[in-house]
Amino acid sequence: MALIVQKYGGTSVGTVERIQAVADKLIKTRDAGNEVVVVVSAMSGETNRLLGLAREITAHPEGRELDVLLSTGEQVTIALLSMALAEKGAEARSYTGAQVRITTDEAHNKARIKKIDHRCICDDLKQGRIVVVAGFQGVSENGHITTLGRGGSDTTAVALAAALKADECQIYTDVDGVYTTDPRVVPSARRLETITFEEMLEMASLGSKVLQIRAVEFAGKYNVPLRVLSSFEDGPGTLITTEEQQVEQALISGIAFNRDEAQLTITGVPDTPGVAYQILGPVSDANIEVDMIVQNIGSDGTTDFTFTVNRTDYDKALKILQKVAKELGARACSGNNEIVKISLVGVGMRSHAGIAAKMFKVLAAEGINLLMISTSEIKVSVLVEEKYLELGVRVLHSAFGLENETAA
Ligand code: ASP
Ligand code: MG
């Protein structure tokens, strides 16, 4: 008997009919001889609707109250799904995050899971029940409701799969797998059979919205086999796994991009030890994640510092930086929030030189200027002006032969 954790996203539970269809799928999985735990998101649009209500009241809702509000979306779907299962003759039980004691830290709106007490789930499974758990939410040690950040239901599913030592964690969504890039930008993008955790992590962190980043981190760390599948059509989906188990050996697996970028620059800072910390310390204290960082020494003995943050944190980060600039006696401080990041991702580049050079050549041929570059073992990222996003992704996808079965 296998233990399967399935997760259904907002679109998959977007209407009563779809919830009933999910119930059928669950019963089919159980009847095939599996134990089944299911994690659901809020009905599509619901989290945004709740956010909208909050914003009608205040521009800056308090994190704690926002979590109390947003967690209601998932509570609706677990109850409806359990009713649908019961109606079809399957025993089921729903649980909120707090009820299964998904314990998190207290970082409201982006909490991290610390531990899961899965005893009640195991008891229910033993009794032959299908267990329905609310995604996206947990509870802090002090009993406050928390949420895990947008898309957090994926993380709930993987964390549960890890805690229960499930055989597979299946993420059902509105796409049928992970693609070489977003098919809305490049219609010839192709579905990948497999992708490594590492690559998927890069794709997700770079804006490929198929899975939440933390879910992939979790899955990689605990080696949870993770499969992305369509709720609406049958198919193998994409299996996210370790490099050893990967069947395809392409040089580049995909092209990711992120529209939510903003760049901040502080120039003419004294070039002394501790300056990087003085600049980035206050930014990180404000819970703002910094992504790319470039520091370069000027000819006059001062240093320039550029970094990127999520666009939603741009205003906040700029204010902090203006204050820091004054304190450090910097020459100037500026920002740009009309930029995007495009990245090539592939474990194959570990053993191949010249990938970055080819990327720069292809973009240069289109007259696209590179504002910042960063690399890792399996990725090359460039920051470009927003207007070049589609063009950049298209020419790279074709230059690296991603639409063909025999990738470059
Ligand atoms: N309902 C939450 C969201 O819209 C969590 C999720 O769907 O995974 O972000
Ligand atoms: Mg989602």
Side-chain angles (χ1 to χ4, degrees), residues 5-15 18-19 22 37-55 61 63-81 94-100 102 104 107-113 116 132-139 145-162 169-175 178 200-201 203-205 207-219 224 226-232 237 240 258-260 289 310-313:
V5 175
Q6 296 190 343
K7 180 256 165 178
Y8 291 88
T11 330
S12 314
V13 293
T15 62
R18 286 187 175 174
I19 290 174
V22 167
V37 175
V38 56
V39 173
V40 281
S41 293
M43 295 168 84
S44 57
E46 178 62 9
T47 309
N48 286 339
R49 187 186 74 86
L50 294 168
L51 267 174
L53 287 176
R55 298 231 163 96
R64 182 190 181 281
E65 300 314 323
L66 200 55
D67 280 348
V68 173
L69 178 71
L70 295 188
S71 62
T72 61
E74 273 72 11
Q75 190 166 339
V76 170
T77 40
I78 55 169
L80 293 177
L81 179 56
S94 68
Y95 289 99
T96 64
Q99 283 176 311
V100 267
I102 297 180
T104 70
H108 284 291
N109 315 150
K110 44 176 148 182
R112 281 184 180 267
I113 297 177
I116 296 180
V132 185
V133 180
F136 177 55
Q137 55 179 264
V139 63
I145 294 175
T146 54
T147 64
L148 310 180
R150 297 308 303 269
S153 300
D154 295 340
T155 301
T156 306
V158 174
L160 272 173
C169 181
Q170 302 173 340
I171 308 282
Y172 284 88
T173 177
D174 49 358
V175 293
V178 179
M200 192 58 214
L201 200 54
M203 296 289 276
S205 64
S208 162
K209 296 276 169 358
V210 184
L211 286 172
Q212 206 210 21
I213 299 169
R214 279 189 201 162
V216 184
E217 275 172 6
F218 234 103
V224 177
L226 191 60
R227 192 181 290 277
V228 176
L229 311 118
S230 162
S231 309
F232 308 115
I240 304 157
N258 191 353
R259 300 178 198 267
D260 306 326
E289 272 173 49
N310 196 294
R311 218 177 266 184
T312 52
D313 288 329

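Quantities reported herein were computed from a predicted structural model and do not represent experimental measurements. Computed from heavy atoms alone, side chains included, the values below leave out hydrogens, waters and symmetry copies. Each ligand, and each atom within it, is numbered from 1 in the order the structure gives.
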Open item on the list: Under 4.0 Å from a heavy atom of G151: which atoms of ligand 1 are those, numbered in the order shown and with their elements?
Closed with: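 Those atoms are 3 (C), 5 (C), 6 (C), 8 (O), 9 (O).
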Between [X] and [Y] (side chain of the first, backbone of the second, donor and acceptor by atom type, cut-off under 3.5 Å), is there such a pair?
X    : Y    : result
Q99  : T96  : yes
Q6   : V38  : no
R112 : T104 : no
Q137 : S71  : yes

Open item on the list: Nearest non-hydrogen contact with atom 4 (O) of ligand 1 belongs to which option: K7, E46, R150?
Closed with: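 That would be R150.
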Open item on the list: Any nitrogen or oxygen of D154, side chain or backbone, less than 3.5 Å from one on ligand 1?
Closed with: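 Checking ligand 1 against D154, no N or O pair falls under 3.5 Å apart.
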- [ ] Give yes or no for whether the N/O distance cutoff of 3.5 Å, strictly under, is met between G149 and ligand 1.
- [x]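 G149 vs ligand 1: no N/O contact under 3.5 Å.
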Task: S231: partners by side chain to side chain contact (heavy atoms under 4.5 Å, CB included), with sequence neighbours left out - done: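 Side chain to side chain contact (heavy atoms under 4.5 Å, CB included) check on S231 returns Y8, S12, Y172.
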TODO: State if G9 counts as touching ligand 1 under the rule of any non-hydrogen atom under 4.0 Å.
DONE: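 No; G9 lies far enough from ligand 1 that no heavy-atom distance drops under 4.0 Å.
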Task: Close approach, G73 and ligand 1, non-hydrogen under 4.0 angstrom - done: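 Per 4.0 Å heavy-atom rule, G73 does not contact ligand 1.
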